[in-house]
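What follows is a set of notes on a single structure, which appears directly below.
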Number of protein chains: 2
Amino acid sequence: MDVKKIERIAKALGDPYRLKIIEAIKKNDGWMQCGCITDMLTIAQSTISHHLKQLVDADLLIAEKDGRNVRYIINKATFDEYTKFLTLFAN
Amino acid sequence: MDVKKIERIAKALGDPYRLKIIEAIKKNDGWMQCGCITDMLTIAQSTISHHLKQLVDADLLIAEKDGRNVRYIINKATFDEYTKFLTLFAN
DNA sequence: AAAATAAATCGAAATTATTCGATTTATCGA
DNA sequence: TCGATAAATCGAATAATTTCGATTTATTTT
């Protein structure tokens, strides 16, 4: 796991909307439709799309196309990796 | 641990200089003099001071004054808290 | 007390992120 | 095929962050 990736993950986690998105997906058994996320938040659809892109670019979410919808899924592996990385500093 | 604090931590961890600072302190047995950090990096002293402030504001580092020097110490408790928070998303 | 040193603060410039509305792309249903 | 729907992309405006040099504050040394 290189520095650039660590940085992308940390940055992606540092925005309140993106945190809300992750928390909602987690509560919804780890996956959620894009439209459902858009309904949940009060910001513009294009803004949400932008936030989702950042989460996908950081590998925190996986996007799966399903017809004209997109399913966003929590990528546990990346959370695990990042958590492990942070653990180094507390030991 | 409220959302605002989580956000401050995540943001503080999302900068390459701040990561370098944390890593260097960790390697140095968990603490380091401010001057040593300044010597290590090639950016302006005021910029480093600003980065250190953000790390202290996020409770990731503790600042301890020692004469005219300042010792920065890794705050393991905060790393632990944050790591635990992130673990929720991977389980 | 004066000079020197370490670190913080201030104000401004440059860079990067966020946000929006409008448009585009892709897929589905009639 | 045509219209409708879902999501991504684009370009521009606004907001936040990073960075610097200059100054200030606090402490130590001479």
Side-chain angles (χ1 to χ4, degrees), chain A residues 3-25 28 30-75, chain B residues 3-25 28 30-75:
Chain A
V3 179
K4 211 70 206 145
K5 174 155 193 187
I6 292 284
E7 211 189 305
R8 233 177 298 135
I9 293 170
K11 275 207 179 111
L13 291 171
D15 176 272
Y17 287 117
R18 292 195 291 264
L19 268 186
K20 248 185 212 158
I21 290 169
I22 293 169
E23 278 167 350
I25 295 177
N28 198 238
W31 66 274
M32 204 179 233
Q33 300 269 97
C34 180
C36 183
I37 297 168
T38 304
D39 291 345
M40 184 182 68
L41 302 173
T42 53
I43 52 178
Q45 180 267 323
S46 55
T47 303
I48 294 172
S49 189
H50 162 79
H51 284 312
L52 287 167
K53 183 168 161 39
Q54 288 194 65
L55 290 167
V56 170
D57 285 350
D59 278 330
L60 289 166
L61 294 183
I62 296 161
E64 259 186 19
K65 204 157 188 197
D66 176 24
R68 59 183 151 181
N69 303 306
V70 175
R71 220 187 341 270
Y72 283 96
I73 305 162
I74 288 195
N75 189 353
Chain B
V3 179
K4 209 69 206 144
K5 173 155 194 185
I6 292 284
E7 210 189 307
R8 234 179 298 135
I9 293 170
K11 273 202 178 118
L13 291 171
D15 176 272
Y17 287 118
R18 292 195 291 266
L19 268 186
K20 249 185 210 157
I21 290 170
I22 293 169
E23 278 167 349
I25 295 177
N28 199 235
W31 67 274
M32 204 177 233
Q33 300 269 96
C34 180
C36 183
I37 296 167
T38 304
D39 291 346
M40 184 182 68
L41 301 173
T42 53
I43 51 178
Q45 179 267 323
S46 56
T47 304
I48 293 172
S49 189
H50 160 81
H51 284 312
L52 287 167
K53 185 169 160 39
Q54 288 194 66
L55 289 167
V56 170
D57 286 351
D59 279 330
L60 289 167
L61 295 183
I62 296 162
E64 260 186 18
K65 207 162 184 190
D66 176 23
R68 60 183 151 183
N69 303 306
V70 174
R71 219 188 340 270
Y72 284 96
I73 304 161
I74 287 195
N75 189 353

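By convention in this document, chain letters (A, B, ...) are assigned in the order of the sequence lines, proteins followed by strands, and residues within each chain are numbered from 1.
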OP1 or OP2 of [N] versus the side-chain N and O atoms of [X]: is any pair under 4.0 Å?
X: A:K65; N: C:dT27; answer: yes
X: B:H51; N: D:dT19; answer: yes
X: B:Y72; N: C:dA8; answer: yes
X: B:T47; N: D:dC20; answer: yes
X: B:Q54; N: D:dT17; answer: no

Can you measure [X] atom [atom1] to [N] atom [atom2] for me and round it to whole angstrom units?
X: B:I43; N: D:dT19; atom1: CD1; atom2: C1'; value: 8 Å
X: A:I48; N: D:dT9; atom1: CD1; atom2: P; value: 15 Å
X: B:D57; N: C:dT9; atom1: CG; atom2: C1'; value: 13 Å
X: B:R8; N: D:dT17; atom1: CZ; atom2: P; value: 12 Å
X: B:R71; N: C:dA8; atom1: CZ; atom2: P; value: 14 Å
X: A:D15; N: C:dT18; atom1: CG; atom2: P; value: 5 Å
X: A:K53; N: D:dA6; atom1: NZ; atom2: P; value: 22 Å
X: A:H50; N: C:dT18; atom1: NE2; atom2: C1'; value: 6 Å

Starting from the 5' end of DNA chain D, give me the residue, A:G35 or B:S46, whose nearest nucleotide shows up first.
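Nearest-nucleotide comparison on DNA chain D picks A:G35.
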Taking only the side-chain heavy atoms of [X] (C-beta and beyond), determine which of [options] contains the nearest atom.
X: A:C34; options: D:dA8, C:dA7, D:dT5; result: D:dA8
X: A:K11; options: C:dA17, D:dC10, C:dA8; result: C:dA17
X: B:Y17; options: D:dT19, D:dT29, D:dA6; result: D:dT19

Is a salt bridge present between B:E23 and B:K20, judged by a nitrogen-to-oxygen distance below 4.0 Å?
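Answer for the salt bridge query: no.
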Should A:D59 and A:R8 count as an ion pair when the cut-off is N to O under 4.0 Å?
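No, A:D59 and A:R8 are not salt-bridged.
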Just by distance, do the side chain of A:R18 and the backbone of A:L55 share a donor-acceptor pair under 3.5 Å?
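Absent.
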Please confirm whether the backbone N or O of B:W31 pairs with a side-chain atom of B:R71, one donor and one acceptor, at under 3.5 Å?
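Checking the backbone N and O of B:W31 against the side chain of B:R71, no donor-acceptor pair under 3.5 Å is found.
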Go nucleotide by nucleotide along DNA chain C from the 5' end; which of B:A63 and A:A44 gets its closest nucleotide reached first?
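Its nearest nucleotide being more 5', the pick is B:A63.
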Spacing of CD belonging to B:Q45 relative to CG belonging to B:D39, to within rounding of 0.5 Å
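Going from the CD atom of B:Q45 to the CG atom of B:D39 covers 11.0 Å.
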Indicate, yes or no, whether a donor-acceptor pair under 3.5 Å links the base of C:dA6 to the side chain of B:Q45.
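No.
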So B:L52, base contact, sugar-phosphate only, or nothing? Heavy-atom distance under 4.0 Å.
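It contacts nothing in the nucleic acid.
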Tell me what B:R18 touches on the nucleic acid: a base, only sugar-phosphate, or nothing, going by heavy atoms under 4.0 Å.
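B:R18: backbone/sugar contact only, no base atoms under 4.0 Å.
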Note, B:L61 side chain near B:I73 side chain (heavy atom, < 4.5 Å)
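Not touching, per the 4.5 Å side-chain cut-off.
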